[in-house]
Amino acid sequence: MNKKILEGAQIIVESWLKLRCGEKVLILFDRKYQEEANALAFYAEKAGTQITLQPLDEIVSDPVRKEGFGSLFRQYDVAVGASDYSLITTAHVITAARTGTRFLSLPLVTLNGRSMLTYDFIRMDPYEAKAMAEALLPLFEANETIHVTTSSGTDMRFRYRSRKTSALYGLADKPGKIASASFEIYVAIEEDHTEGTLILDGSLGKIGLVHEPLKIVYEGGRIKEIEDNKEGKRLQSYIENFSDHRICVTAEFGLGLNKLSRMEGHCYIEDESTYGTFHIGHGRNLSLGGKQDASGHFDLVVRRPNIWVGDLEIMREGELLECQESR
């Protein structure tokens, strides 16, 4: 078994999941990630847990098992989704949390064929990210609007009235805890209130880096216009593959917390986690605290933003401010 994959699996099992002897653990995985699933199982068994390895295709291809997918979690203390895409935005994760199962979303898809478990960003100290989040969450919770600008021309406004702000930083160590390999503060923004212009200069999420700035206009909470250049055509084609008009609805505001992440376009979880960036999530946001269902979820990541929460400036040119300033 690949040594670097084993090292990554050990971090996840021991530092993120904190598995305990006697716990029942479900590892849901795409077959292409059999090696990663086996590595996770190896360290989970060393912790004295009872392991079930479950290929996702066996559930998806069976109508009866697919219908009962949400209830599957009830049998386990811990569940891990080691698949191509995040399960964290699905209703199944909500079901898991309600039953007390702690769930870790581990999207393993990369564009360069390198296992995500070998990336440096998963070595970020989750407690450092937790400390950053805990310093910022009260500011978000005391307000209901976000304003973002960048030197390249981004000017976006979001509202999240009556929506809870939360954070992800790997830790799934308590009953009902939902976690992700993405280290971020997130809020399920109101789906019909996002307005403004985004100059995308970072990542197109699951389809890689932006190679030239892309202008995207938002009105009434959804994408209204995409610039007609090479990057715009890539994004438009990607959106059309969902065959779902709801995929253009804004669903999430995210703020990256991972100081070991490098936005290189190979791993979308790394891109959206990168410290000094923000991202807009589109499509499904049910388990994030929103009301929008859709056939999927994707993020657009922007570099070095200036961010105001209410009237408080919390980030300037991608750096968090120690003393927030009123406008």
Side-chain angles (χ1 to χ4, degrees), residues 86 88-89 129 132-150 154-169 178 180 182-205 216-224 246-258 261 263 268-269 271-292 294 296-316 318-321 324:
S86 176
I88 204 167
T89 59
M132 282 192 286
E134 289 179 344
L136 290 168
L137 287 175
L139 302 178
F140 279 90
E141 290 167 358
N143 291 281
E144 60 182 32
T145 61
I146 301 168
H147 181 203
V148 182
T149 67
T150 65
T154 291
D155 192 346
M156 296 288 300
R157 294 183 183 271
F158 310 90
R159 197 179 81 174
Y160 57 100
R161 184 176 295 170
S162 301
R163 299 284 176 87
K164 181 176 174 58
T165 306
S166 301
L168 301 167
Y169 32 76
I178 296 172
S180 171
S182 180
F183 284 40
E184 61 179 278
I185 288 176
Y186 70 89
V187 57
I189 50 181
E190 292 176 73
E191 295 83 0
D192 57 353
H193 275 77
T194 300
E195 304 281 344
T197 299
L198 185 77
I199 305 300
L200 185 65
D201 61 359
S203 170
L204 288 158
I216 305 170
V217 178
Y218 292 81
E219 290 183 10
R222 62 185 302 122
I223 294 174
K224 178 72 173 180
R246 298 171 298 178
I247 203 69
C248 288
V249 174
T250 55
E252 174 201 9
F253 171 88
L255 180 66
L257 297 175
N258 195 319
S261 287
M263 196 191 306
Y268 85 92
I269 287 291
D271 291 351
E272 70 180 34
S273 295
T274 303
Y275 176 83
T277 70
F278 88 98
H279 57 273
I280 304 176
H282 304 72
R284 186 171 56 224
N285 67 357
L286 293 177
S287 72
L288 302 179
K291 299 179 179 179
Q292 168 78 9
H297 178 99
F298 74 92
D299 300 285
L300 301 177
V301 190
V302 177
R303 304 175 190 270
R304 296 181 292 277
N306 310 302
I307 301 175
W308 289 265
V309 178
D311 289 328
L312 300 174
E313 185 178 15
I314 66 164
M315 178 170 279
R316 186 180 300 160
E319 290 293 333
L320 288 172
L321 302 178
Q324 286 71 37

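The basis for the numbers below is simple: all heavy atoms, side chains too, and nothing from hydrogens, waters or symmetry mates. If you're wondering where the values come from, they're calculated on a predicted model, not measured in any experiment.
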J.: Between Ser182 (side chain only) and Glu184 (backbone N and O only), is there a donor and an acceptor less than 3.5 Å apart?
T.: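 No; judged by distance alone, with no hydrogens or angles, the pair does not exist.
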J.: I'd like to check Thr274 versus Val301 (side-chain heavy atoms, cut-off strictly below 4.5 Å). Are they in contact?
T.: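 Heavy-atom side-chain distance check fails, nothing below 4.5 Å.
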J.: Will you find, in the side chains of Ser273 and Asn258, an N or O donor that is under 3.5 Å from an N or O acceptor?
T.: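 The answer is no; no qualifying pair exists.
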J.: Heavy atoms, side chains only, cut-off 4.5 Å: are Leu320 and Tyr275 in contact?
T.: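 SC-SC contact between Leu320 and Tyr275 confirmed.
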J.: With a 4.5 Å cut-off on side-chain heavy atoms, are Tyr218 and Glu195 touching?
T.: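 Heavy-atom side-chain distance check fails, nothing below 4.5 Å.
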J.: Rounded to the nearest 0.5 Å, how far does OG1 of Thr150 lie from CZ of Arg304?
T.: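 The CZ atom of Arg304 sits 9.0 Å away from the OG1 atom of Thr150.
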J.: Would you compute the distance between atom CG of Leu168 and atom CD1 of Ile269 and round it to the nearest 0.5 angstrom?
T.: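 If we round to the nearest 0.5 Å, Leu168:CG and Ile269:CD1 are 9.0 Å apart.
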J.: Between the side chains of Arg246 and Glu191, is the shortest nitrogen-to-carboxylate-oxygen separation below 4.0 Å, so that they form an ion pair?
T.: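 Here Glu191 does not pair with Arg246 in a salt bridge, since their nearest N and O are not under 4.0 Å apart.
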J.: Salt bridge or not for Glu144 and Arg161, using N-O below 4.0 Å?
T.: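 Arg161 and Glu144: salt-bridged.
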J.: Which atom names give the shortest non-hydrogen contact between Ile185 and Leu257, and what distance separates them?
T.: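 In terms of heavy atoms, the two residues are closest at N-CD1, 3.8 Å.
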J.: Work out which heavy atom in Phe278 is nearest to a heavy atom in Pro305; give both atom names and the distance.
T.: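 The answer is CD2-CB, 3.7 Å.
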J.: Taking C-beta and beyond as the side chain, do Tyr186 and Ser166 meet within less than 4.5 Å on heavy atoms?
T.: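 Yes, close enough: below the 4.5 Å cut-off.
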J.: Is the side chain of Thr154 donor-acceptor paired with the backbone N or O of Ile199 at a distance under 3.5 Å, no angle test?
T.: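 Yes, because the side chain of Thr154 sits within donor-acceptor range (under 3.5 Å) of the backbone of Ile199.
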J.: Looking at every non-hydrogen atom in both residues, tell me the closest pair between Leu200 and Val302 and how far apart they are.
T.: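 It is CD1-CG2, 3.9 Å.
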J.: Between Leu286 and Lys291, which heavy-atom pair has the shortest distance, and what is it?
T.: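 Scanning both residues completely, I find the closest heavy atoms to be CD2-C, 3.9 Å.
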J.: Below 4.5 Å, heavy atoms only, C-beta onward: do Ile307 and Ile146 meet side chain to side chain?
T.: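 They are in contact (side-chain heavy atoms under 4.5 Å apart), so the answer is yes.
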J.: Going through the distances and angles, do Phe158 and Ile280 end up as a side chain to side chain contact (heavy atoms under 4.5 Å, CB included)?
T.: CA-CA 10 Å; Phe158 310 90; Ile280 304 176; 3.8 Å; yes
J.: State, to 0.1 Å, how close Leu139 and Leu312 come at their nearest heavy-atom pair, and which atoms those are.
T.: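 That closest heavy-atom pairing would be CD2-CD1, 3.9 Å.
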J.: Check the side chains of His147 and Asp155 for a donor-acceptor pair under 3.5 angstrom, ignoring hydrogens and angles.
T.: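 Indeed, the side chains of Asp155 and His147 share at least one donor-acceptor pair under 3.5 Å.
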J.: For the pair Thr145 (side chain) and Arg159 (backbone), establish whether a donor and an acceptor sit closer than 3.5 Å, ignoring hydrogens and angles.
T.: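 Such a contact is absent between Thr145 side chain and Arg159 backbone.
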J.: Would you give the length of the straight line joining atom CD1 of Ile223 to atom OG1 of Thr250, rounded to the nearest 0.5 angstrom?
T.: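 Ile223 CD1 to Thr250 OG1: 8.5 Å, rounded to 0.5 Å.
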J.: Roughly how far, to the nearest 0.5 Å, is CG of Asp299 from OG1 of Thr277?
T.: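 Reported value, rounded in 0.5 Å steps: 10.0 Å.
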J.: To the nearest 0.5 Å, what is the distance between CD1 on Ile314 and CD on Glu319?
T.: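 Between atom CD1 of Ile314 and atom CD of Glu319 there are 12.5 Å.
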J.: Flag the pair Val148 / Asn306 as yes when at least one side-chain heavy-atom distance between them is below 4.5 Å, and no otherwise.
T.: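 Heavy-atom side-chain distance check fails, nothing below 4.5 Å.
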J.: Could you give the distance from OG1 (Thr197) to CD1 (Ile216), rounded to the nearest 0.5 Å?
T.: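 Here the rounded value is 10.0 Å.
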J.: So do the side chains of Glu272 and Glu252 get within less than 4.5 Å of each other, counting heavy atoms only?
T.: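 They are not in side-chain contact.
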J.: Report yes if the side chains of Leu255 and Leu136 come closer than 4.5 Å at any heavy-atom pair, otherwise no.
T.: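 Yes, close enough: below the 4.5 Å cut-off.
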J.: Which atom pair, heavy atoms only, marks the closest approach of Phe183 to Tyr169?
T.: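 So the minimum-distance heavy-atom pair works out to CZ-O, 3.4 Å.
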J.: Please confirm whether the backbone N or O of Arg303 pairs with a side-chain atom of Asp201, one donor and one acceptor, at under 3.5 Å?
T.: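 Judged by distance alone, yes, a pair lies under 3.5 Å.
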